[in-house]
Structures are given as C-alpha cells and as structure tokens.
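Reading through the structure tokens given below for one structure.
Predicted, not measured: the structure shown is a model, and the values here were computed from it. Every chain is numbered from 1, with letters handed out A, B, ... down the list of sequences.
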Amino acid sequence: SQTIHQWPATLVQPVGSPLSLECTVEGTSNPNLYWYRQAAGRGLQLLFYSVGIGQISSEVPQNLSASRPQDRQFILSSKKLLLSDSGFYLCAWGLPQETQYFGPGTRLLVL
Amino acid sequence: RKEVEQDPGPFNVPEGATVAFNCTYSNSASQSFFWYRQDCRKEPKLLMSVYSSGNEDGRFTAQLNRASQYISLLIRDSKLSDSATYLCAVFDYKLSFGAGTTVTVRA
C-alpha cells in the first residue's frame, strides 16, 4: 500500500530564515506530487505540482520554490521566510485525474 | 467566481439527525468529484468519490447534479465522531478544493 511521509510535523522559524520541507512517497511509481498550503480557517491552496523528476509547475507566484530530485521525493523551499508563509503545508500524491492522498502535514509558524 | 464553493456552516446537529450540504463548481467540464473529511489540525482524508449515478457508503450518500453543477453529501444517523470539516474537491486539469463545511454533532 502507498504511504506518504512529511517532516517535520511542526516548525517555528524566524522571519528571513530559510525553509526546507520534505515529502516522500512509498509504494507507488511516478506519482503526481503536490504541495498545498492551508491558512487558518481557509481552503487548500495549490502551490506546486510535479508530474515527474525535475518537472515543477507553479500555481501561484510566491516566496517559495519546489524541487523533485527523485521520483518519490518532493521538497518545498524558501530562501527567506515571510510572516505570511505561516500555515499548514500538505504534500499529496495522486495519479492523473484521480483523487489525491495527503501526508500528515507540516505546521509552520513564522515569527 | 471561485472554482469550488461551499457553505462554511457550521451545521450543528443532534446525534441521530440527518445533515446535508452542497458544493458548487464553476467548470462545467469538470470530470471527477470527491468528498474529503478533515479533522481539526489533521490532513484531509478521502471520504468518497462521487459518481454520476450517485453513491452510498454506509450512512454517507453523495450525489452529483451536472445540470446545476453541484455535488452533495448527506449524512444519516449522525454520530459524534462525524464532527469534522468536509471538503469537496473537483477535478478538471487539477484538483480544486472548497474551503470546507464544518459539521458539529452534539450529544
């Protein structure tokens, strides 16, 4: 069966510091991978998606970037965090035109 | 207009009651539809897919109305454990989520 891991679970970072969140998937090959952000009381905002190694599509302009160095690894990064980057970051995997399955998420607080 | 819209609620219902709510979508070409459940401070988890003919899973019934562009979720015989936020998701070239409908079941 497929499993998806994210770490860390929670993170408190100062404004201006860098960020690296990692997501790995097990039990599937060549999945589509996604990064979402959910602000408090808000819906899920798609940040990036990837259909393969090295292929990244950005949905919204922002302070973040994503990379997919391996088939089942997806990384979300920032060089300098902003207060507005606080939120619940969710990684998901899915097959094209099918549903998506979420990891446990990383709760990020930028102070 | 948002791609996917939901009544945020909250819907406060007593145990054993039936609760139903809708989700509207803007793209008539959307192909796939899903309901997710999200507990407080947790990730969304797939509750059920929504098929053209409607589908049922125990106490949960999902229906699709393409003419009016909405999907619905009905929960019968509500349990305390049904308290959660229910997100609808609609797929065209990507999966778009509603902001969720909060349901609180009280004893």
With a cut-off of 3.5 Å and sequence neighbours excluded, list every side-chain donor-acceptor pair involving residues 43-51 of chain A.
{"residue": "Gln45(A)", "atom": "OE1", "partner": "Arg37(A)", "partner atom": "NH2", "Å": "3.3"}
{"residue": "Ser50(A)", "atom": "OG", "partner": "Gly52(A)", "partner atom": "N", "Å": "3.4"}
{"residue": "Ser50(A)", "atom": "OG", "partner": "Gly52(A)", "partner atom": "O", "Å": "2.9"}
{"residue": "Ser50(A)", "atom": "OG", "partner": "Gln55(A)", "partner atom": "O", "Å": "2.6"}
{"residue": "Ser50(A)", "atom": "OG", "partner": "Arg68(A)", "partner atom": "NH1", "Å": "3.1"}

Name each donor-acceptor pair under 3.5 Å that joins a side chain in residues 9-21 of chain B to protein atoms two or more places apart or in another chain, with its distance.
none

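Heavy-atom pairs under 4.5 Å with chain A peak, among Gly100(B), Pro44(B), Ala89(B), at Pro44(B).
Heavy-atom distances place the side chain of Tyr36(A), and not its backbone, under 4.5 Å from chain B. With a 4.5 angstrom heavy-atom cutoff, Leu95(B) touches chain A via backbone and side-chain atoms both. Looking at Gln38(B), only its side chain comes within 4.5 Å of chain A, counting heavy atoms on both sides. Interface remark: Lys94(B) contributes side-chain atoms only to the contact with chain A (heavy atom separation under 4.5 Å). Residue Phe88(A) touches chain B through its side chain alone, counting heavy-atom pairs closer than 4.5 Å. Contacts of Glu59(A) with chain B are made by side-chain atoms alone, with heavy-atom separations under 4.5 Å and no backbone atom involved. Heavy atoms of Ser49(B) lying under 4.5 Å from chain A are absent altogether.
When the side chains of ILVMFWY residues are joined at heavy-atom separations under 4.5 Å, either directly or via intervening members, Leu21(A) and Leu111(A) end up in two distinct hydrophobic clusters. When hydrophobic clusters are built by joining Ile, Leu, Val, Met, Phe, Trp and Tyr residues whose side-chain heavy atoms come closer than 4.5 Å, directly or via intermediates, Leu83(A) is grouped together with Leu108(A). Hydrophobic clustering (side-chain heavy atoms under 4.5 Å, transitive across Ile, Leu, Val, Met, Phe, Trp, Tyr) keeps Ile75(A) apart from Tyr34(A). Taking hydrophobic clusters as Ile, Leu, Val, Met, Phe, Trp and Tyr residues chained together by side-chain heavy-atom distances below 4.5 Å, Val90(B) does not share a cluster with Tyr70(B).
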**OP:** Under the ring pair (Phe, Tyr, Trp, His ring centres under 6.0 Å) rule, what do Phe102(A) and Phe97(B) come out as? Steps first, then yes or no, please.
**Re:** CA-CA 13 Å; Phe102(A) 290 87; Phe97(B) 287 84; 5.7 Å; yes
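Residue Gln38(A) qualifies as enclosed at atom CD: its count of foreign heavy atoms under 6.0 Å is above 12.
Under the side chain to side chain contact (heavy atoms under 4.5 Å, CB included) rule, Thr99(A) has a single partner from Tyr36(B), Phe91(B), Phe33(B), which is Tyr36(B).
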